[in-house]
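Just so it is clear: chains get the letters A, B, ... in the order the sequence lines come, proteins before strands, and each one is counted from 1.
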Amino acid sequence: MLDPKYIREHATEVQTNCDHRNVKIDVSAWLKADERRLALLQTVESLRAKRNEVADKMKSASAEDRPGLIEQGKSLKDALAAGEAAFGEVDADWKRQLLAFPNLTHPASPIGMTDDDNKELRIVGEVKKLEHPLDHIALGQKHDLIDLERGAKVAGAKFYFLKGKLALLEQAMIQFALSYLAKEGFTAMSTPDLAKDDVLVGTGFQPRGPETQIYSIENSDLSLIGTAEITLGGYHKDEILPASAVPLKYAGVSHCYRTEAGTYGKESYGLYRVHQFSKVEMFVYCTPEQSEAVHLELLRHEENIFKALEIPFRVIDICSGDLGGPAYRKYDLEAWMWGRGEGKGGWGEVTSTSNCTDFQARRLNVRIKNDNGDNVYAHTLNGTAISLARAIIAVLENNQNEDGSITIPKALVPFCGFEKIG
RNA sequence: GGAGAGGUGGCAGAGUGGUCGAACGCGCCAGACUCGAAAUCUGGUUUAGCCGCAAGGUUAACGAGGGUUCGAAUCCCUCCCUCUCCGCCA
């Protein structure tokens, strides 16, 4: 959510930002609603002031004054009810519109509408030369590691079983990421896999409605989380954090559930786009002054983890139109995957890190008491440490040998206890 | 799942219709005393919105939402959460 005051004072800038973000918002229409809302607010408040005044007089009123005051109070009550109804309607609409505003955009983010306008910053590592590279599905079949058919039988399409050494490897990857982050000062967290709608909305997700990617539980206000960003963001909801406590760094493990409505074809090949996966997510609360440096730190951790997994990747600076609602700036890591690019291989998204500035904190009401004793909205940042499914694709495909065996990256061996598959 | 108790300021805890944004205490901040500290004393100490250059004014919040009333922390209803006991269970 943006600061209403900021929108009032920077209407042109905010409109331009919405345009660059590819979000259809008419700022001038909102400003009109805002004006109307404030006028009604003042009406309602002055009626309340009068009501309070009359009620106050009652305390010491004489017996003959009382009936008159009661009459006055009654008519004020009626006027107030009407005023509050009018205000409530305008206010709800005003709030709804306000929630639709995307965050502001970092001045250095590329301007553009689609992912074609994203900027490649660098490529790290080298793609292994292979005569006959196999994709993860072929590797899975060869070693009996992935069972999509029975996943579909049990839970439907885009669900899967991981078997044998791959099931062990998945846990090893989680352990590896957690222990790496613990050394970097993150507090490990195992979070709920469900969260309340207001927490979802607070972190910038839409729990219900036609366009949602979220599974919601019928007859409840709960949804299955799409990422631990949701639960970790909700963790300090409605809190005031002492300045001495930040940056607060969490590494949350959870299952992630996504409906992936309307996605088919090669973009969802194999494990690339599935309804459920495990993930270790980084989440940081910090001051506005700290957030840019923290963002780069999160990116560094993501890169370190993928380097340790011996996976070539490229770093992408996401353009304005592709940022989504909450992000002020976003970097993605795309790993090499042999199953993409029609069998020639290509880049596939494996991580994403966002600086959400105060966009989520404003909705979640998370503040920091700074050294002057003032409360300021926190900045929140998130980043994927390791997202299983996609990281599994990358590990299997990039660490395969010409004979179809898979060499386990050295960093994982202590966690899984074997060095090779096949 | 059954029975009961309860949710009030940073903590603890009073308050059962108007004198309550809220006692007393603890904590915290500032000052006095002191060479300094402790103790003691004095004052201050929730948050957010709106109006205002400011001083200041005003509204709202006692778990959440609704209702009764001229007036609600206080009465009524619904929901949420916590605790105790019983049952069940990984």
Side-chain angles (χ1 to χ4, degrees), chain A residues 1-9 30-99 101 190-202 207-208 216-223 231 234-246 248 255 358-378:
Chain A
M1 188 168 83
L2 293 183
D3 183 356
K5 276 191 205 145
Y6 189 90
I7 304 175
R8 283 175 206 133
E9 288 160 17
W30 180 84
L31 286 173
K32 283 203 191 86
D34 183 54
E35 238 171 80
R36 191 144 162 263
R37 192 191 86 100
L38 280 183
L40 285 168
L41 179 66
Q42 281 164 33
T43 306
V44 166
E45 289 197 349
S46 69
L47 283 170
R48 283 183 186 147
K50 279 199 196 107
R51 176 201 62 194
N52 291 345
E53 198 184 308
V54 169
D56 207 48
K57 277 188 197 155
M58 278 295 286
K59 286 182 230 166
S60 53
S62 60
E64 58 263 30
D65 287 342
R66 280 177 177 259
L69 286 171
I70 289 175
E71 275 318 303
Q72 226 183 315
K74 278 188 180 173
S75 73
L76 277 170
K77 186 155 84 160
D78 292 341
L80 191 53
E84 279 175 342
F87 173 76
E89 216 172 288
V90 171
D91 184 56
D93 192 50
W94 176 88
K95 188 89 195 280
R96 194 168 43 243
Q97 288 183 51
L98 190 59
L99 285 175
F101 279 74
S190 174
T191 93
D193 284 350
L194 283 78
K196 294 182 185 175
D197 288 347
D198 62 338
V199 173
L200 282 269
V201 171
R208 289 162 209 255
S216 51
I217 309 291
E218 226 176 322
N219 302 319
S220 83
D221 61 348
L222 289 170
S223 296
T231 44
Y235 189 70
H236 287 298
K237 182 167 141 52
D238 295 322
E239 291 184 28
I240 299 174
L241 307 168
S244 57
V246 298
L248 259 179
H255 292 111
D358 63 1
F359 187 87
Q360 293 176 321
R362 200 175 284 280
R363 296 177 176 218
L364 291 164
N365 192 28
V366 182
R367 287 165 294 171
I368 294 171
K369 195 180 221 37
N370 68 20
D371 294 333
N372 301 328
D374 299 324
N375 294 326
V376 297
Y377 282 108

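The C1' atoms of B:U19 and B:A72 are separated by 15 Å, rounded to the nearest whole Å. On the P atoms, B:G15 is 34 Å away from B:G49, given to the nearest whole Å. The C1' atoms of B:G87 and B:G13 are separated by 35 Å, rounded to the nearest whole Å. Only the P atoms considered, B:U42 is 13 Å distant from B:C24, to the nearest whole Å. For B:U8 and B:C62, the P atoms lie 12 Å apart once the distance is rounded to whole Å. Atom name P, nucleotides B:A61 and B:G71: the rounded distance is 14 Å, in whole Å. Taking the C1' atom of each, B:A12 and B:U78 are spaced 31 Å apart, rounded to whole Å. Taking the P atom of each, B:C85 and B:C77 are spaced 28 Å apart, rounded to whole Å.
For the atom pair CZ of A:Arg367 and CG of A:Asp374, the computed distance is 11.5 Å after rounding to the nearest 0.5 Å.
Under the Watson-Crick or G-U wobble criterion, with both distances below 3.5 Å, B:G4 is paired with B:C83. The partner of B:C35 cannot be assigned: no Watson-Crick or G-U wobble pair with both contacts below 3.5 Å exists in any strand. Summarising the base pairing, B:C70 is matched to B:G18 through a Watson-Crick or G-U wobble pair whose two defining distances lie under 3.5 Å. Across all strands shown, B:C88 forms no Watson-Crick or G-U wobble pair with both key distances under 3.5 Å. Applying the Watson-Crick and G-U wobble criteria (two distances, each under 3.5 Å), B:C26 pairs with B:G10. Pair assignment for B:C62 gives none, since no Watson-Crick or G-U wobble pairing has each distance under 3.5 Å. Pair check for B:A54 finds none; no Watson-Crick or G-U wobble contact set falls under 3.5 Å.
Spacing between atom NZ of A:Lys57 and atom P of B:G71 amounts to 15 Å, rounded to whole angstrom units.
In terms of heavy-atom proximity, A:Ser223 sits nearest to A:Pro207 at OG-CB, 3.9 Å. A pairwise comparison of heavy atoms in A:Asp34 and A:Arg8 identifies OD2-NE, 2.5 Å as the closest pair. The two residues A:Lys237 and A:Leu364 have their closest heavy-atom pair at CG-O, 3.4 Å. Scanning all heavy atoms of the two residues, the minimum distance from A:Ile7 to A:Leu31 falls at O-CD2, 4.4 Å. Nearest approach of A:Ala195 to A:Thr231, heavy atoms of both residues: CB-CG2, 4.3 Å.
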Under the salt bridge (charged side-chain N to carboxylate O under 4.0 Å, His left out) criterion, do A:Asp221 and A:Lys196 qualify, and how do the steps go? CA-CA 5 Å; A:Asp221 61 348; A:Lys196 294 182 185 175; 5.3 Å; no

Decide yes or no on salt bridge (charged side-chain N to carboxylate O under 4.0 Å, His left out) for A:Lys57 and A:Asp65, but give the supporting numbers first. CA-CA 10 Å; A:Lys57 277 188 197 155; A:Asp65 287 342; over 6 Å; no

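Every ring-ring contact (aromatic ring centres under 6.0 Å, His included) that A:Tyr235 has, sequence neighbours left out, goes to A:Tyr250. With sequence neighbours excluded, the residues that form a ring-ring contact (aromatic ring centres under 6.0 Å, His included) with A:Trp94 are A:Trp30.
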Strictly under 3.5 Å: I want the nitrogen or oxygen pairs between protein and nucleotides 44-47 of chain B, one per line.
unit_1 : atom_1 : unit_2   : atom_2 : d
B:U47  : O3'    : A:Arg367 : NH1    : 2.9

Taking only N/O atoms, report every protein-nucleotides 72-80 of chain B pair under 3.5 Å with atom names and distance.
none

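For A:Arg37 (side chain) and A:Asp93 (main-chain N/O), no donor-acceptor pair under 3.5 Å exists by modelled atom type. In terms of modelled atom types and a separation under 3.5 Å, the side chain of A:Arg362 and the main chain of A:Tyr377 share no donor-acceptor contact.
Looking at residues 73-91 of chain A, you'll see A:Gly73, A:Lys74, A:Lys77 sit with a heavy atom under 4.0 Å from some atom of RNA chain B.
Among the atoms of the strands shown, none is found under 4.0 Å from any heavy atom of A:Arg362. Contact annotation for A:Asp56: no contact, since no heavy-atom pair falls under 4.0 Å across all strands.
When the nearest nucleotides of RNA chain B are assigned to A:Arg37 and A:Ile70 by heavy-atom distance, the more 5′-ward of the two goes with A:Arg37. Heavy-atom distances to RNA chain B give each of A:Gln42 and A:Ala55 a nearest nucleotide, and the one nearer the 5′ end belongs to A:Ala55.
Across B:U58, B:C50, B:C70, the shortest atom-to-atom separation from the side chain of A:Ala49 is found for B:U58.
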Show the atom names and distances, to 0.1 Å, of all donor-acceptor pairs under 3.5 Å that link a side chain in residues 77-88 of chain A to residues at least two apart or in another chain.
unit_1  : atom_1 : unit_2  : atom_2 : d
A:Glu84 : OE2    : A:Arg48 : NE     : 3.2
A:Glu84 : OE2    : A:Arg48 : NH2    : 2.8

